[in-house]
Amino acid sequence: MKLPFAESYKIKMVESIKRSTREEREEWIKKANYNLFNLKSEQVFIDLLTDSGTGAMSDKQWSAMMLGDESYAGASSYYLFKNTIKKLLGFDYFLPTHQGRAAENVLFSVLVKEGDLIPGNSHFDTTKGHIEFRKASAIDCTIDEAFDTEIDHPFKGNIDLNKLESVLKNNPASKIPFICVTVTCNSSGGQPVSMQNIKDVYNLAQKYGVKILFDSARFAENAYFIKVRESEFKNHSIKEIVKEMFKYANYATMSSKKDGIVNMGGFIAFDNEEIFKKATVFNIMFEGYITYGGMSGRDMNAVAQGLNESTEFDYLESRIKQVEYLGNQLENYGIHFQKPVGGHGIYINANHFLSKVPKEQYIAQTLAIELYIEAGIRGVEIGTLLADRDPVTRKNRFPVIEYLRLAIPRRVYTNNHMDVVAAGLMNVFDRRDKIMTGYKILKEADIMRHFTVELEKI
Ligand SMILES: Cc1ncc(COP(=O)(O)O)c(C=O)c1O
């Protein structure tokens, strides 16, 4: 008999989680103004809100924390982190930041100015927020296949070269501080970018004299997909693929809360000393001194170790097979989601699931609330609420697909938990025809409103 697959780790420490009743959850979500961010974590049984900062650290990471050097300047933890970035990604210049959006804030303070254009593959919301905050525009050049969940394309994070070239051709290079390549592309479903596409984007960038930024939160998951889906790389190690990927980037920002497998942390990496030097000024102003930038020494040690672990094939295989395990169950039940599964979660196509709810009533948010009430599972809306209003017209921006994202934390839940998630969704799917109305907004912020929005049931 062929031995089944099992994770390449065992569990040394556990944390209790609480079940609740449907009545309790109905009460709690109402009190939370139908915003799942407002729930207390103890009101959630399985928390798939995000895979960011929610992973389980390894014994080696915890022991590295004990060796953290908390010196204000010149800490050995900083050098360990810096050398790890050099070894894995190849960059000479580097600044730690406390998380991904902080890295964006510092780097964009140097590079982005009013009226600029930043083409890329579906920019993440904080990235877009930091661009629009500076009165510049993010231009989505993702391939069309990414906007049809049922098309089985291996690299739905790819940039459409024609769309990109038309931006590069029709605008002066001085208005395009960089092309933003998000690996993997969170907003389109944790979808990878192929090595071929990375190279093609690089060639176009070279032709038009434009730089490239990798938004690298899940770069290791991207490398896994290159290994298993791009035949040329099947015999390469993940670390070799990672090194090759980053040859084509001038800058990298990273939220280390994802593939750094830590609870907090981030960084910026540069191939250019001049930009690095300019960024140090903003880092000191916003984050902290150059050699800690918002992180404690112990946290830098944990990230350095985490980056080494996340770039191992066995770890990545365990992680992504769990996402596939959940995806297979949903597929067999006829639930539409972004296919093939991405790296860090399942993105349910809420338009297909709740086809009777009007788009003005926030379809994916409605589904997220229904799943919470059904089974105590917290996902997140990647839909109209997250898309914010158009900065000029102030009208809602309706995305092509409204997603309910079920992000799976690293090394945290078992496949039994995935079975509960699948059953919870199937129960909502069975009664989907009775769900005909959604929610209306009572209060919202001007930018990144989904975090704090208050809603009322229609
Ligand atoms: C692709 C991507 N970029 C940037 C960020 C921002 O990182 P952080 O949450 O650490 O600020 C995230 C976070 O989810 C992300 O997924």
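As the structure lists them, so they are numbered: ligands from 1, and atoms in each ligand from 1.
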Any idea which atoms of ligand 1 are less than 4.0 Å away from a heavy-atom of [X]?
| X | result |
| --- | --- |
| T182 | 1 (C) |
| S255 | 7 (O), 8 (P), 10 (O) |
| R101 | 6 (C), 7 (O), 8 (P), 9 (O), 11 (O) |
| K257 | 10 (O) |
| T126 | 4 (C), 5 (C), 6 (C) |

Is the shortest N/O to N/O distance between [X] and ligand 1 below 3.5 Å?
| X | value |
| --- | --- |
| G100 | yes |
| T184 | no |
| N186 | yes |
| R218 | yes |
| K258 | yes |

Less than 4.0 angstrom from a charged side-chain N to a carboxylate O is my criterion; do [X] and [Y] meet it?
| X | Y | result |
| --- | --- | --- |
| K339 | E324 | no |
| R134 | D116 | no |
| E444 | R389 | yes |

Note the single closest protein heavy atom to atom 3 (N) of ligand 1, along with its residue, its atom name and the distance in Å.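 The answer is D215 OD2, 2.8 Å.
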
Who's the nearest protein heavy-atom neighbour of atom 8 (P) of ligand 1, and how far?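 Protein heavy atom at minimum distance: Q99 NE2, 3.2 Å.
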
Going by the rule salt bridge (charged side-chain N to carboxylate O under 4.0 Å, His left out), which residues pair with K87 if we only count those two or more places apart in sequence or in a different chain?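 Once residues adjacent in sequence are excluded, K87 has no partner under the salt bridge (charged side-chain N to carboxylate O under 4.0 Å, His left out) criterion.
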
Looking only at side chains, do N349 and Q338 share a donor and an acceptor under 3.5 Å apart?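 The answer is no; no qualifying pair exists.
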
For the residue pair T311 / K239, report whether a side-chain donor-acceptor contact shorter than 3.5 Å exists.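 There is such a pair (donor and acceptor under 3.5 Å, judged by atom type) between the side chains of K239 and T311.
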
Tell me every residue that passes side-chain contact (heavy atoms from CB on, under 4.5 Å) with I17, counting only those two or more places apart in sequence or in another chain.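 I17 satisfies side-chain contact (heavy atoms from CB on, under 4.5 Å) with F45, Y413, H417 once adjacent residues are dropped.
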
Kindly indicate, with the supporting measurements, whether the criterion salt bridge (charged side-chain N to carboxylate O under 4.0 Å, His left out) is fulfilled by E402 and K359. CA-CA 9 Å; E402 290 252 355; K359 70 176 194 294; over 6 Å; no

